[in-house]
Amino acid sequence: MAVRYEALPVLSFLCLVMCASAIGVNWGIQASHLLPPSTVVQMLKDNGIQKVKLFEADDGILEALKKSGIQVIVGIPNELLNGLAGSEKTAENWVSKNVSKYVNDGVDVRYVAVGNEPFLQTYNGSYLNITYPALQNVQAALIKAGLGNQVKVTIPLNADVYASASGKPSDGDFRSDIHGLMVQIVSFLNDNNAPFTVNIYPFISLYNDPNFPLDYAFFQGSASPVVDGSITYTNVLDANHDTLLSALRKNGFGNLSIIVGEIGWPTDGDMNANIQYARQFNQGLVNHVSSGTPLRPGPLDAYLFSLIDEDLKSILPGNFERHWGVFYYDGTPKYQLSLSGTNTSASLVGAKGVKYLDRKWCVLKPSVGLDNQNIAASVSYACTNADCSSLGYKTSCGDLDAKGNISYAFNSYYQKNDQDQRACDFNNLATVTTENPSNSSSSCRFNIMIEENLATSLRSIRYSWGWVAFIPVLMIFL
């Protein structure tokens, strides 16, 4: 068939040139109160963000992305993999409902992300036998829907699927226990002109190893570089990316495209999770992606993790999990960040038209003493059912005294439950105040919740006090 070359519209041409190197973002929705999708899409536009990665096919978000010009990766949660692996019809129905429908309505879907880090060793092999069949069935469904050339499949994988025995990137290869499976998947991706997607987290390397050199996580050079032949690696991203590239080359797929699906730095919940480091890392990342890595110079396709804080994320890996956003829960920018990489003094543009609940907070009654026998269980209940991840050693609220910690916990629960009066009782320990308990000299924020987005699922409040799981770490505040 003859190929016709036609003039592209100016904006489309510019996107072809610039989108490859422009940084994308991950948009997660594990939050108790979500901004309206239309508000977030406008925020993406205001900040010149041209690519977004979703962890699931949320109807409200995909509706808001129609004709936005924003490129989209639509994710499939791990819990759907079994059904997709076992039935071609299930895959066809999923593609019809979550891809074809929106592509036809003007959503620029570029990729379907099948699962999310399904081969993590902590999953104990739960998804080993179903991820590849699910990938095959989704690809077949895309082809059947006439989208095989337009929408590509991929699997976002954790960087633990490959390693280097020597610690040098050139010795990279896939993990021995899944080597055969990884080669099958990579071959399939290559045959379908689809990318390898990897999540790289320098912060986690630092979090897991107290001896990890801090400067090696950033992009300003390192006193402890990795020397690999003629190449000197001065940052984790380059070394990790090129370890993957070496693994691909070793197995015959050195030309496969790579997407860095998640990379970022949290701002709270750990001594190394703070505004200063997050800005340093993310600005360094944005500046760095245009140059690529030693083994693959040129623009990197990368997605910041993440766009907005999520207060319902599991904190089993660490309290920092709820603080990856470059924006707070309400769409307020946390720090200056130039997403273009050209103007390092540029500021992010926050969400517009955000509606808040009344200016009131729930705090510990001044008359209550710290020796009250109900305090420990009350704080434990509040933190179990809300978000106390900013409390702790060297966190944003680490300078609060005991009563301040208790008030923070009470207020978190109160705000999460839409300032319902019954959510500020705690066995008569708490009271509502209109005086902001936040201290101007402290980094700790006593938040006021945003109004519930009615497009999200309804949530109910529990007032039964029954059995309460005790959180031992909270005792350090009491």
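All values below come from the heavy atoms of this structure, side chains included, with hydrogens, waters and symmetry mates left out. Since the structure is predicted, the reported quantities are computational estimates derived from the model, not experimental observations.
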Participant: Carefully, step by step, assess I70 and Q50 under the rule side chain to side chain contact (heavy atoms under 4.5 Å, CB included).
Facilitator: CA-CA 5 Å; I70 296 171; Q50 301 167 324; 5.9 Å; no

Participant: Does N116 reach the side chain of N199, with side-chain heavy atoms less than 4.5 Å apart?
Facilitator: yes

Participant: Can you tell me which residue among V72, L62, V138, V151 is in a side-chain contact (heavy atoms from CB on, under 4.5 Å) with V99?
Facilitator: V151

Participant: State, to 0.1 Å, how close T267 and A278 come at their nearest heavy-atom pair, and which atoms those are.
Facilitator: CG2-CB, 3.6 Å

Participant: Would N192 and Q139 count as having a side-chain donor-acceptor pair, cut-off 3.5 Å?
Facilitator: yes

Participant: Are the side chains of L339 and L304 in contact, using a 4.5 Å heavy-atom criterion?
Facilitator: yes

Participant: Would S396 and D268 count as a side-chain hydrogen bond (donor to acceptor under 3.5 Å, both in side chains) if you check the C-alpha gap in whole Å, the side-chain angles of each, and the deciding distance to 0.1 Å?
Facilitator: CA-CA 6 Å; S396 67; D268 209 350; 2.4 Å; yes

Participant: Looking at I263, T293, L285, which hits side-chain contact (heavy atoms from CB on, under 4.5 Å) with L300?
Facilitator: T293

Participant: Would the distance check show the side chain of S246 and the main-chain N or O of D242 forming a donor-acceptor pair, the cut-off being under 3.5 Å?
Facilitator: yes

Participant: Under 3.5 Å, is there a donor-acceptor pair between the side chain of T384 and the main chain of S380?
Facilitator: yes

Participant: Mark yes when over 12 heavy atoms from residues, nucleotides or ligands other than K250 sit less than 6.0 Å from its NZ; otherwise mark no.
Facilitator: yes

Participant: Can you list the steps and then say if Y123 with Y127 is a ring pair (Phe, Tyr, Trp, His ring centres under 6.0 Å)?
Facilitator: CA-CA 8 Å; Y123 288 147; Y127 305 108; 5.3 Å; yes

Participant: One thing to verify: whether K394 and D270 come together as a salt bridge, which I'm taking to mean a side-chain N less than 4.0 angstrom from a carboxylate O.
Facilitator: no

Participant: Determine the minimum heavy-atom distance between L189 and T154, stating which atoms define it.
Facilitator: CD2-CA, 4.2 Å

Participant: Is the centre of the F218 ring less than 6.0 Å from the centre of the Y277 ring?
Facilitator: yes

Participant: Take Y413 and Y381 through the test ring pair (Phe, Tyr, Trp, His ring centres under 6.0 Å) and record every step on the way to the result.
Facilitator: CA-CA 9 Å; Y413 183 80; Y381 181 85; 5.5 Å; yes

Participant: Of the non-hydrogen atoms in H179 and N251, which two are nearest, and what is the gap between them?
Facilitator: CE1-OD1, 3.1 Å

Participant: side-chain hydrogen bond (donor to acceptor under 3.5 Å, both in side chains) between D330 and H33: does it pass, once the steps are laid out?
Facilitator: CA-CA 9 Å; D330 58 354; H33 292 67; over 6 Å; no

Participant: Would you please indicate yes or no on a ring centroid separation below 6.0 angstrom for Y201 and W324?
Facilitator: yes

Participant: Can you give me the closest heavy-atom contact between S390 and H323, atom names plus distance?
Facilitator: OG-CE1, 3.3 Å

Participant: Please check if the distance between the ring centroids of F253 and F196 is under 6.0 Å.
Facilitator: no

Participant: Between N447 (side chain only) and M449 (backbone N and O only), is there a donor and an acceptor less than 3.5 Å apart?
Facilitator: no

Participant: Could you check whether any side-chain N or O of Q42 sits under 3.5 Å from a backbone N or O of A351, counting only pairs where one atom can act as donor and the other as acceptor?
Facilitator: no

Participant: Under 4.0 Å between a Lys/Arg side-chain N and an Asp/Glu carboxylate O for D108 and K67?
Facilitator: no

Participant: For the backbone of I231 and the side chain of D228, can you confirm whether one donor and one acceptor N or O come within less than 3.5 Å of each other?
Facilitator: no

Participant: Here's one to test your reading of the geometry: is the NZ or CZ of K334 within 45 degrees of the ring axis of F327 and under 6.0 Å from its centre?
Facilitator: no

Participant: Could you tell me whether F320 and F203 have their ring centroids closer than 6.0 angstrom?
Facilitator: yes

Participant: Between Y102 and K66, is there a cation-pi geometry (under 6.0 Å to ring centre, at most 45° from the normal)?
Facilitator: no

Participant: Going from CD1 on I259 to CZ on R110, what distance comes out if it is rounded to the nearest 0.5 angstrom?
Facilitator: 11.0 Å

Participant: What closest approach, in Å, do Y162 and L244 show between heavy atoms, and which atom pair accounts for it?
Facilitator: CZ-CB, 3.5 Å

Participant: To check you understand the geometry: which heavy-atom pair defines the closest contact between A64 and S38, and what is its length?
Facilitator: CB-N, 3.9 Å

Participant: Would E310 and R322 pass as an ion pair if we require N to O under 4.0 Å?
Facilitator: no

Participant: More than 12 foreign heavy atoms under 6.0 Å from CG of N129: is that the case here?
Facilitator: no

Participant: Would you confirm whether D309, through its side chain, and G325, through its main-chain N or O, come within 3.5 Å as a donor-acceptor pair?
Facilitator: yes

Participant: Is there a side-chain contact between V25 and K51 (heavy atoms, below 4.5 Å)?
Facilitator: no

Participant: Check whether any side-chain N or O of D58 sits under 3.5 Å from a backbone N or O of G60 as a donor-acceptor pair, and report yes or no.
Facilitator: yes

Participant: Between V112 and W94, is there a side-chain heavy-atom distance shorter than 4.5 Å?
Facilitator: yes

Participant: Look at D311 together with K416 and state whether they make a salt bridge at an N to O cut-off of under 4.0 Å.
Facilitator: no

Participant: Could you check, using the six-membered ring where one of them is a Trp, whether F281 and F219 have ring centers closer than 6.0 angstrom?
Facilitator: yes

Participant: Quick check on N255: does its CG atom have over 12 non-hydrogen neighbours (other residues, nucleotides or ligands) under 6.0 Å away?
Facilitator: no

Participant: Hey, does Y111 have a side-chain heavy atom less than 4.5 Å from the side chain of P195?
Facilitator: yes

Participant: With a 4.5 Å limit on heavy-atom distance, are the side chains of Y233 and V227 in contact?
Facilitator: no

Participant: Whether the side chain of N240 engages the backbone of V236 through a donor-acceptor N/O pair (distance < 3.5 Å, no angle test) should be reported.
Facilitator: no

Participant: Do the side-chain N and O atoms of N26 and S306 include a donor-acceptor pair separated by under 3.5 angstrom?
Facilitator: no

Participant: Is it the case that atom CG in N149 sees more than 12 heavy atoms from other parts of the structure closer than 6.0 Å?
Facilitator: no

Participant: Within a strict 4.5 Å, meaning less than it, do heavy atoms of the E92 and K144 side chains meet?
Facilitator: yes

Participant: Run S100 and V95 through side chain to side chain contact (heavy atoms under 4.5 Å, CB included) and show every step you take.
Facilitator: CA-CA 6 Å; S100 300; V95 166; 3.9 Å; yes

Participant: Contact between N235 and P225 at the side-chain level, heavy atoms closer than 4.5 Å - yes or no?
Facilitator: no

Participant: Within a reach of under 6.0 Å around CD of E88, are more than 12 heavy atoms found that belong to other residues, nucleotides or ligands?
Facilitator: no

